[in-house]
Amino acid sequence: MALRLHNTLSQQVEEFSPSRDNTVRMYTCGPTVYDFAHIGNFRTFTFVDILRKCLRANGFKLDHVMNITDVDDKIIRNAAAQHKSLAEYTAVYTQAFLDDCANLRLERPERLVPATEHIDDMAAAIARLSATSHTYTTDGSVYFKIATFPGYGKLSHNDFSGNIAGARVDVDEYEKSDARDFALWKAPKEGETFWETAIGPGRPGWHIECSVMAIKYLGETLDIHAGGIDLVFPHHENEIAQSESLTGKPFSRFWLHAEFLMVEGQKMSKSLGNYYTLRDIVGRGYHPEVIRYLLASVPYRKSLNFTFDGLKSAATAIDRLRNFKLRLETDRYPEGLNEQLEARAAAALQAFHDSLNDDLNTAEALAAVFEYVRDANSAMDAGEFRASNVAAALGVLARFDSIFDVLRPTAQAGQLADAQVDSFIEERTAAKKARNFARADQIRQELLDQGIILEDTKAGVRWKRK
RNA sequence: GGCGCGGUAGCCAAGUGGUAAGGCAAAGGUCUGCAAAACCUUUAUUCGUCGGUUCGAUCCCGACCCGCGCCUCCA
């Protein structure tokens with residue numbers, strides 16, 4: 001089954017393939033580095049990571065650009081409050097973001113591009129928009145005039161053809177002649193960071209960086225543009241207006257948006273006390289891959305209710321898969337091949353692939369894996385699992401993990417080395433042979449206290465890290 | 001008010017015009033020196049409410065109720 005994705009533009013699920021040379025040119029909105037990213041941000045970034053992996057699973061190559069917004073009002077304000085330069089201030093949160101992504105096992109996009117390294121490109125683009133009468137200037141600030149772009153509203157499916165003023169006016173500190181016009185360029189204010197450019201001094205508005213950097217690195221028409229659903233309007237709508245006014249071509253063929261995340265059934269907010277950064281949750285003892293599993297297990301177009309019960313449930317689910325893998329690797333099976341089981345493995349692989357290709361239906365993909373695991377475990381218990389079935393079983397897990405990436409435990413500092421564990425196990429086995437169960441249990445408990453779990457099986461003792 | 005998403009078992013959650021995947025939790029059982037792991041059984045006559053279409057609807061249509069998002073540079 002070919003990959004199908006929901007396109008916000010058409011509001012339909014459409015078959016996807018890149019427009020040229022089998023390479024997906026994708027742009028996704030990255031973080032504004034004014035603070036640590038929160039768990040809601042990471043829901044979207046995890047979705048993007050799953051998307052990347054599914055695109056590759058379909059044989060496509062990737063050229064993926066993600067921006068780092070390292071200049072905006074909050075950054076300027078916070079940096080000033082801490083008496084730091086913009087660069088000093090954003091370096092801290094940029095690095096924190098990269099560290100968080102690494103912990104969550106999010107692949108690095110092919111290009112990570114900071115806005116502040118493209119100021120001149122933005123100024124040049126604004127100059128071109130001005131040359132084609134898409135802008136006006138008030139007090140040194142440049143605005144995009146949406147009346148000059150007939151397609152405005154096509155992404156968010158809003159009709160702006162009528163009288164668009166009237167709803168909210170004067171929400172910005174800057175002067176605009178139409179409520180929905182937006183700033184491309186902001187004139188410098190007293191004491192604020194600004195750049196000297198061909199269009200004068202100032203700093204870029206929010207939307208222009210994405211248009212400029214996307215076109216610079218990926219060309220005038222992207223295959224995919226993705227982000228959180230709250231970016232549909234105005235951010236992505238404005239990107240379309242700028243980009244298409246600039247190039248006269250469709251800005252992106254596909255637009256993908258991840259739904260919101262809730263916490264314990266409520267919207268996440270600082271005032272409710274349910275606002276969490278990734279660090280907060282890891283600090284409570286949840287491993288990053290558990291968080292990753294929970295974020296990835298709910299299909300991206302459905303709002304995700306993030307709960308601590310859900311995290312515990314995710315951890316147990318991962319254990320089940322890890323236990324199965326350990327069993328495959330440590331148990332001994334009779335020679336031969338169980339054909340029926342081999343067919344089930346192939347079917348699971350196919351179902352997994354098809355589910356993901358159905359607009360990234362991760363929940364259904366997981367079901368395919370768990371069904372197979374149950375069947376295989378049953379066969380093992382019944383003595384019907386054969387040595388030659390191991391490879392396909394490991395193959396199912398490998399395929400699963402190439403997308404979900406949760407089977408490898410996060411390394412813990414200060415744990416026993418493998419050799420040490422093995423020597424304890426030898427001592428315990430000797431104690432068991434002598435029917436000194438008290439000593440055997442004591443050793444097992446001591447190891448457990450150090451995060452090592454022992455299991456006695458017919459094939460011998462096996463162990464794993466908690 | 002406009003636009004969009006959603007309401008399925010205790011929790012998370014898939015799904016189809018023909019009678020409800022999967023995970024977690026709970027209870028009982030098998031196995032085991034004890035554990036652990038694993039397996040088996042049980043847990044939605046029912047899919048927000050009310051109408052309609054249909055031989056038949058959780059799935060299609062309409063109305064209503066509830067939750068969430070955007071419409072204020074918030075993923």
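No experiment lies behind these values; they were computed from the predicted model shown. Throughout, protein chains are lettered first and strands after them, A, B, ... in sequence-line order, and every chain is numbered starting at 1.
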**Q** Here's a test of your reading of the structure: between A:Tyr34 and A:Ile453, which maps to the more 5' nucleotide of RNA chain B?
**A** A:Ile453
**Q** Can you tell me which nucleotide in B:rA37, B:rA75, B:rC12 comes closest to the side chain of A:Leu261?
**A** B:rA75
**Q** Any salt bridge between A:Asp280 and A:Arg284, counting N to O under 4.0 Å?
**A** no
**Q** Do the rings of A:Phe144 and A:Phe149 sit parallel, tilted or perpendicular, given the 30° and 60° boundaries?
**A** perpendicular
**Q** Does the pair A:Asp331/A:Arg462 count as a salt bridge with the N-to-O cut at 4.0 Å?
**A** yes
**Q** Would you call the rings of A:His225 and A:Tyr27 parallel, tilted or perpendicular if under 30° counts as parallel and over 60° as perpendicular?
**A** tilted
**Q** Nearest nucleotide by nearest heavy atom, which residue falls closer to the 5' end of RNA chain B, A:Gly310 or A:Phe233?
**A** A:Gly310
**Q** Taking atom C1' in both B:rG28 and B:rG33, compute the distance separating them and give it to the nearest angstrom.
**A** 23 Å
**Q** For A:Phe36 and B:rA75, give me the distance from atom CZ to atom P, rounded to whole Å.
**A** 16 Å
**Q** Does B:rC12 have OP1 or OP2 sitting under 4.0 Å from an N or O in the side chain of A:Asn305?
**A** yes
**Q** So A:Phe42 and A:Phe97, would you call those rings parallel, tilted or perpendicular, with 30° and 60° as cut-offs?
**A** parallel
**Q** Using the C1' atom on both, measure B:rA37 against B:rU32 and round to a whole Å.
**A** 11 Å
**Q** Is A:Lys458 close enough to B:rA38 that one of its side-chain N or O atoms is under 4.0 Å from OP1 or OP2 there?
**A** no
**Q** Base of B:rC34, side chain of A:Arg444 - is there a donor-acceptor contact under 3.5 Å?
**A** yes
**Q** How long is the line joining CD of A:Glu264 and P of B:rC68, in whole Å?
**A** 15 Å
**Q** Identify whether the distance between the nearest side-chain nitrogen and carboxylate oxygen of A:Asp73 and A:Arg203 falls below 4.0 Å.
**A** yes
**Q** Given the P atoms of B:rU72 and B:rC60, what is the spacing between them in whole Å?
**A** 33 Å
**Q** For the CD atom on A:Gln340, are there more than 12 heavy atoms of other groups (residues, nucleotides or ligands in this structure) within a distance under 6.0 Å?
**A** no
**Q** Donor-acceptor pair, A:Asn158 side chain versus A:Gly153 backbone, under 3.5 Å?
**A** no
**Q** For the base of B:rG33 and the side-chain ring of A:Phe437, does the geometry meet a stacking cutoff of under 5.5 Å between centres and under 30° between planes?
**A** yes
**Q** Is the phosphate of B:rC39, meaning OP1 or OP2, less than 4.0 Å from a side-chain N or O of A:Arg320?
**A** yes
**Q** Would you please confirm or rule out a distance under 4.0 Å between OP1 or OP2 of B:rC74 and any side-chain N or O of A:Lys74?
**A** yes
**Q** Take A:Tyr143 and A:Phe182 through the test ring pair (Phe, Tyr, Trp, His ring centres under 6.0 Å) and record every step on the way to the result.
**A** CA-CA 5 Å; A:Tyr143 298 92; A:Phe182 56 92; 9.0 Å; no
**Q** So what is the 5' to 3' dot-bracket string for RNA chain B, if pairs are Watson-Crick or G-U wobble with both distances under 3.5 Å, crossing pairs use [ ] and | means the partner sits on another strand?
**A** (((((((..(((.....[...))).(((((.......))))).....(((((..]....))))))))))))....
**Q** Name every residue in residues 377-387 of chain A that has at least one heavy atom under 4.0 Å from any atom of RNA chain B, in order of residue number, or write none if there are no such residues.
**A** A:Asn377, A:Ser378, A:Asp381
**Q** Is the side chain of A:Arg292 donor-acceptor paired with the backbone N or O of A:Arg105 at a distance under 3.5 Å, no angle test?
**A** yes
**Q** May A:Phe260 be described as stacking on the base of B:rA75, applying a 5.5 Å centroid limit and a 30° limit on plane angle?
**A** yes
**Q** A:His6 has an atom NE2; how far is it from atom P of B:rG4, in whole Å?
**A** 11 Å
**Q** For a side chain to side chain contact (heavy atoms under 4.5 Å, CB included) with A:Thr46, tell me which candidate from A:Leu106, A:Ile291, A:Ile39, A:Leu51 qualifies.
**A** A:Leu106
**Q** State which residue, out of A:Thr8, A:Asn7, A:Thr44, fulfils the side chain to side chain donor-acceptor pair (under 3.5 Å) condition with A:His257.
**A** A:Thr8
**Q** Grab the NE2-P distance between A:His257 and B:rC71 for me, whole Å please.
**A** 13 Å
**Q** For atom C1', what is the distance between B:rU19 and B:rC55, given to the nearest Å?
**A** 13 Å
**Q** Tell me which nucleotide among B:rG23, B:rA37, B:rG33 gets nearest to the side chain of A:Lys464.
**A** B:rA37
**Q** Please report the distance, rounded to the nearest Å, between CD in A:Glu237 and C1' in B:rU72.
**A** 16 Å
**Q** Using a strict 4.0 Å threshold on nitrogen-to-oxygen distance, state whether A:Lys464 and A:Glu455 make a salt bridge.
**A** yes
**Q** Can you pull out the residues from residues 352-375 of chain A that lie within a 4.0 Å heavy-atom distance of RNA chain B?
**A** A:Asn361, A:Ala363, A:Glu364, A:Ala367, A:Phe370, A:Glu371, A:Arg374
**Q** In whole Å, what is the span from the CH2 atom of A:Trp206 to the P atom of B:rU72?
**A** 12 Å
**Q** Select base, sugar-phosphate, or nothing to describe what A:Leu326 touches, counting heavy atoms under 4.0 Å on all strands.
**A** nothing
**Q** Contact class for A:Val232 vs. all strands (heavy atom < 4.0 Å): base, sugar-phosphate, or nothing?
**A** nothing
**Q** State which of B:rC24, B:rA13, B:rG69 makes the closest approach to the side chain of A:Ile229.
**A** B:rG69
**Q** Where the side chain of A:Gln11 is defined as all heavy atoms beyond and including C-beta, which of B:rG4, B:rG33, B:rC74 is the nearest nucleotide?
**A** B:rG4
**Q** Between A:Phe308 and A:Tyr286, what is the ring plane arrangement, given parallel below 30°, perpendicular above 60°, and tilted in between?
**A** tilted
**Q** Taking the side chain of A:Pro234 as heavy atoms from C-beta outward, which of B:rC71, B:rA13, B:rC68 is closest to it?
**A** B:rC71
**Q** Verify the contact: side-chain N or O of A:Lys302 to OP1 or OP2 of B:rC5, cut-off strictly under 4.0 Å; return yes or no.
**A** no
**Q** Where the side chain of A:Leu231 is defined as all heavy atoms beyond and including C-beta, which of B:rU72, B:rC3, B:rA75 is the nearest nucleotide?
**A** B:rA75
**Q** Given atom CG of A:Leu295 and atom P of B:rA13, what is their separation to the nearest angstrom?
**A** 13 Å
**Q** Between B:rA26 and B:rC66, how far is it from one C1' atom to the other, in whole Å?
**A** 29 Å
**Q** How long is the line joining CG of A:Asp331 and P of B:rC39, in whole Å?
**A** 13 Å
**Q** So, under a plain 3.5 Å distance rule, would you say the side chain of A:Asp159 forms a donor-acceptor pair with the base of B:rG2?
**A** no
**Q** Given B:rA13, B:rG33, B:rG4, which nucleotide is nearest the side-chain atoms of A:Lys432?
**A** B:rG33
**Q** What's the gap between B:rU45 and B:rC40 when it is taken at their C1' atoms, as a whole Å value?
**A** 24 Å
**Q** I'd like the C1' distance from B:rA13 over to B:rU8, given in whole Å.
**A** 9 Å
**Q** Which value, in whole Å, describes the distance between the P atoms of nucleotides B:rC24 and B:rC34?
**A** 25 Å
**Q** Counting side-chain heavy atoms from CB outward, which of B:rC71, B:rA37, B:rA36 is closest to A:Arg462?
**A** B:rA37
**Q** Closest approach to the side chain of A:Asn323, judged atom by atom: which nucleotide of B:rC34, B:rA37, B:rA75 is it?
**A** B:rA37
**Q** Less than 4.0 Å between a side-chain N and a carboxylate O, is that true for A:Glu289 and A:Arg322?
**A** yes
